[in-house]
Amino acid sequence: MDKPRPFAARRRKIRHTLYLLSVIVSIATIGVGLSLLEPAAPRVDRSTLWMGEVKRGDLTRRIRGLGKLIPEVIRWIPAATQGRIERVLIQPGERVTPETVILELSNPELEQEALDAESQLKRADAELAHLRIQLENEKMQHQADLARVESDYLEATLKAEADAALLREGLVSEMDTKISRSRADAQETQRLLEKRRMDIFSKSLEAQLEAKEAEVEQRRLLHSLRRSQLESLRVRPGISGVLQQVEVEVGQQVTPGTNLVRIAEPSRLKAEIEVAATQARDLEVGQKAEIDTRNGVVPGQVSRIDPAVKEGLVTVDVALEGALPRGARPDLSVDGTVELEHLEDVLFMPRPGFSQEDGSASLFRIEPDGIHAHRVRVGLGASSVSEIQILEGLKVGDQVVLSDMAQWKDYDRIRLE
């Protein structure tokens with residue numbers, strides 16, 4: 001019969017306790033180790049990323065804008081008078097000369113007014129002619145009266161002189177001599193009065209003719225205006241070019257000032273592009289530009305900058321200096337690039353779509369192993385269309401991820417596969 005050993009149970013208990021303690025210590029050690037480990041880097045498909053390399057060299061700052069070609073010479077032809085559109089003779093796209101009739105309008109009231117103005121002008125011309133004849137007759141009558149008075153004055157003067165000579169010889173009485181002298185003086189006064197009447201009549205004649213001529217001229221201007229308005233019912237461009245738009249339809253009633261058609265000179269085009277207002281602060285008139293028509297690139301220079309901002313965009317006019325490629329025409333969509341300045345010996349890289357000049361960006365830089373990429377903060381400077389200056393955070397030869405990595409914003413390190 002076995003005897004119980006009092007120390008065996010205690011040793012087993014101690015051994016179990018030690019095993020339990022060792023397990024607890026191991027678990028705690030593993031937990032502490034795991035807590036000190038960094039989270040595993042997420043795996044990212046390399047083929048889905050856009051990479052770029054940091055370089056040093058010269059950087060030409062450019063900004064880009066979309067726009068269209070527009071004619072330098074555009075003329076809207078407004079309605080000169082009220083009327084109804086009767087016919088459209090020319091369609092958009094056709095060439096026109098200054099005398100080409102594009103539209104025909106009708107206005108019966110204006111036609112009647114033109115006839116009335118013509119009749120009034122003819123009547124005024126006739127009245128002026130009649131007045132000239134009448135005044136000429138009156139003038140001749142006054143001239144005849146003056147001639148008669150001049151003759152009487154001369155006769156009286158001669159009679160007075162003759163009587164004075166006879167008086168000295170004692171052949172006539174002194175009374176007869178005085179009477180002759182008195183008649184001569186009276187005739188002289190009559191002659192002066194008649195000459196005065198003639199002068200007054202001459203001035204009156206001129207005044208009456210000027211008044212009537214002014215009335216005739218007024219009638220003539222009114223008639224000319226009515227004829228011009230009547231002629232304007234046949235709408236002509238006044239310049240050579242291409243008809244771009246017809247703003248009215250047959251049967252439509254229009255009022256004076258209504259735009260009817262638009263004419264443009266297609267051989268003289270300029271580019272009108274729109275750039276972001278945030279990029280337009282360095283724009284200046286005279287800067288070099290290039291306009292891509294999709295069928296060729298045309299050089300030019302900035303000729304005008306719109307001072308107003310519309311929907312975050314600034315309109316820029318570019319005067320074209322080279323020959324236009326085939327197919328260039330008004331309203332053709334173009335892509336314009338303006339050269340702002342040239343920076344020498346700077347760090348730069350391809351410009352990420354989410355970057356802003358004179359700011360900073362968080363980018364993943366490829367590590368030397370070529371497998372991992374670590375997040376770095378990069379200071380940015382001046383930007384161009386496709387490149388941006390680097391102020392700090394990167395060096396020449398660094399490879400960076402330029403794609404939008406917003407989905408990995410909680411990670412400082414990624415693994416490329």
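Predicted model only: the values in this text are computed from it and were never measured.
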Show the atom names and distances, to 0.1 Å, of all donor-acceptor pairs under 3.5 Å that link a side chain in residues 307-327 to residues at least two apart or in another chain.
unit_1: D317; atom_1: OD2; unit_2: K270; atom_2: NZ; d: 3.2
unit_1: D317; atom_1: OD2; unit_2: R304; atom_2: NE; d: 2.8

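- Put simply, the side chain of S360 never gets that close to the backbone of G379: no donor and acceptor are under 3.5 Å apart.
- More than 12 heavy atoms of other shown residues, nucleotides or ligands fall within 6.0 angstrom of atom CZ in R181.
- Here R191 does not pair with E194 in a salt bridge; the nearest charged N to carboxylate O distance is not below 4.0 Å.
- Side-chain contact between R56 and D345 is present, with at least one heavy-atom pair separated by less than 4.5 Å.
- Using a distance-only test at 3.5 Å, with no hydrogens or angles considered, no donor-acceptor pair links the side chain of S151 to the main chain of A147.
- The residues E387 and R351 are annotated as not salt-bridged, no charged nitrogen and carboxylate oxygen being separated by less than 4.0 angstrom.
- When atom types are taken as modelled, the side chain of T48 and the backbone of V44 share no donor-acceptor pair closer than 3.5 angstrom.
- Checked by atom type, the side-chain pair Q141/N137 shows no donor-acceptor distance below 3.5 Å.
- Within the structure, the side chain to side chain donor-acceptor pair (under 3.5 Å) test picks out no pair touching residues 72-81 (sequence neighbours left out).
- Each of D282, V302, V275, I291 was compared with V338 under the side chain to side chain contact (heavy atoms under 4.5 Å, CB included) criterion, and only V302 meets it.
- A side-chain donor from one of R375 and S362 sits under 3.5 Å from a side-chain acceptor of the other.
- Across S240 and E265, no two heavy atoms sit closer than the pair O-OE1, 3.2 Å.
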Residues L260, V246; criterion side-chain contact (heavy atoms from CB on, under 4.5 Å); working and verdict: CA-CA 6 Å; L260 302 178; V246 177; over 6 Å; no
Hey, can you pull the donor-acceptor pairs under 3.5 Å for the side chains in residues 202-209, sequence neighbours left out?
unit_1: S202; atom_1: OG; unit_2: M198; atom_2: O; d: 2.9
unit_1: S204; atom_1: OG; unit_2: Q208; atom_2: NE2; d: 3.0

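- Applying the side chain to side chain donor-acceptor pair (under 3.5 Å) criterion to S47, with sequence neighbours excluded, gives D45.
- Considering CG of L131 and CD of E127, their distance stands at 9.0 Å, rounded to 0.5 Å.
- No more than 12 heavy atoms of other residues, nucleotides or ligands shown are found within 6.0 angstrom of CD on E249.
- With respect to R226 and E113, a salt bridge is recorded, a charged nitrogen being found less than 4.0 Å from a carboxylate O.
- Residue pairs meeting the ring pair (Phe, Tyr, Trp, His ring centres under 6.0 Å) criterion with at least one partner in residues 248-307, sequence neighbours excluded, are absent.
- Using a 4.5 Å heavy-atom cutoff, the side chains of Q356 and L380 are not in contact.
- For residues 117-147, the set of pairs meeting the ring pair (Phe, Tyr, Trp, His ring centres under 6.0 Å) definition, not counting sequence neighbours, comprises H142-F201.
- Proximity of L69 to P330: side-chain heavy atoms (C-beta onward) are nowhere separated by under 4.5 Å.
- Electrostatic pairing of E272 and K68 does not count as a salt bridge here, judged by no charged N lying under 4.0 Å from a carboxylate O.
- Around atom CD of E53, more than 12 heavy atoms belonging to other residues, nucleotides or ligands sit under 6.0 Å away.
- Residue pairs meeting the salt bridge (charged side-chain N to carboxylate O under 4.0 Å, His left out) criterion with at least one partner in residues 131-144, sequence neighbours excluded, are R132-E213.
- Residues I263 and V242 fail the side-chain proximity criterion, which asks for heavy atoms closer than 4.5 Å.
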Can you give me every donor-acceptor pair (side chain of residues 389-399, partner residue at least two apart or in another chain, under 3.5 Å) with its distance?
unit_1: Q389; atom_1: OE1; unit_2: A382; atom_2: N; d: 3.2
unit_1: K395; atom_1: NZ; unit_2: D398; atom_2: OD1; d: 3.3
unit_1: D398; atom_1: OD2; unit_2: K395; atom_2: N; d: 2.9

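- When side chains are defined from C-beta on, V401 counts as touching I366, because their heavy atoms get closer than 4.5 Å.
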Before you tell me yes or no, could you show the steps for E118 and K122 under salt bridge (Lys or Arg N to Asp or Glu O under 4.0 Å), namely the whole-Å CA-CA distance, both residues' side-chain angles and the distance that decides it to 0.1 Å? CA-CA 6 Å; E118 183 177 5; K122 290 180 178 179; 3.7 Å; yes
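- More than 12 heavy atoms of other residues, nucleotides or ligands shown are found within 6.0 angstrom of CZ on R46.
- Between R148 and D145 there is a salt bridge, since a side-chain N of the basic residue sits under 4.0 Å from a carboxylate O of the acidic one.
- In plain terms, the two heavy atoms of S383 and I388 that are nearest each other are CB-CG1, 3.8 Å.
- Summarising the geometry of W50 relative to P350, their closest heavy-atom pair is CZ2-CB, 3.9 Å, with the distance given to 0.1 Å.
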Apply salt bridge (Lys or Arg N to Asp or Glu O under 4.0 Å) to the pair R365 and E367, showing each step before the final yes or no. CA-CA 6 Å; R365 179 177 59 194; E367 296 180 0; over 6 Å; no
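- In terms of heavy-atom proximity, N295 sits nearest to D292 at N-OD1, 4.5 Å.
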How far apart are the C-alpha atoms of L221 and Q218, what are their side-chain angles, what is the distance that settles it, and do they pass the side-chain contact (heavy atoms from CB on, under 4.5 Å) test? CA-CA 5 Å; L221 290 175; Q218 182 181 12; 5.8 Å; no
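- Take E357 and apply the salt bridge (charged side-chain N to carboxylate O under 4.0 Å, His left out) test, not counting sequence neighbours, and it matches R61, R281.
- With respect to the salt-bridge test (charged N to carboxylate O, under 4.0 angstrom), the residues D125 and R220 qualify.
- V101 places none of its side-chain heavy atoms less than 4.5 Å from the side chain of V235.
- V400 is not listed as a side-chain neighbour of M51, based on a closest heavy-atom distance of 4.5 Å or more.
- Take Q244 and apply the side chain to side chain donor-acceptor pair (under 3.5 Å) test, not counting sequence neighbours, and it matches R262.
- Taken to the nearest 0.5 Å, the CG atom of L103 stands 6.5 Å off from the CG atom of L105.
- A distance-only check finds a donor-acceptor pair linking the side chain of S384 to the backbone of T60 [under 3.5 Å].
- A donor and an acceptor atom, one from each side chain of S106 and E86, are located under 3.5 Å apart.
- Within the structure, salt bridge (charged side-chain N to carboxylate O under 4.0 Å, His left out) contacts touching residues 93-104 (residues at least two apart or in different chains) are R87-E104, E99-R236, E104-R234.
- Judged purely by atom type and a 3.5 angstrom limit, S232 uses its side chain to pair as donor or acceptor with the backbone of Q229.
- Among residues at least two apart or in separate chains, there is no ring pair (Phe, Tyr, Trp, His ring centres under 6.0 Å) pair with a member in residues 318-351.
- Residues M405 and L49 come closest through the heavy atom pair SD-CD2, 3.8 Å.
- The main-chain N or O of A117 is never found under 3.5 Å from a side-chain atom of Q120 such that the two would form a donor-acceptor pair.
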Test side-chain contact (heavy atoms from CB on, under 4.5 Å) on I414 and H372 and set out the steps. CA-CA 6 Å; I414 60 174; H372 294 88; over 6 Å; no
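- Listed here is the closest heavy atom pair of E111 and L230: CG-CD1, 3.4 Å.
- Residues I102 and L89 are not in side-chain contact: their nearest non-hydrogen atoms beyond the backbone lie 4.5 Å or more apart.
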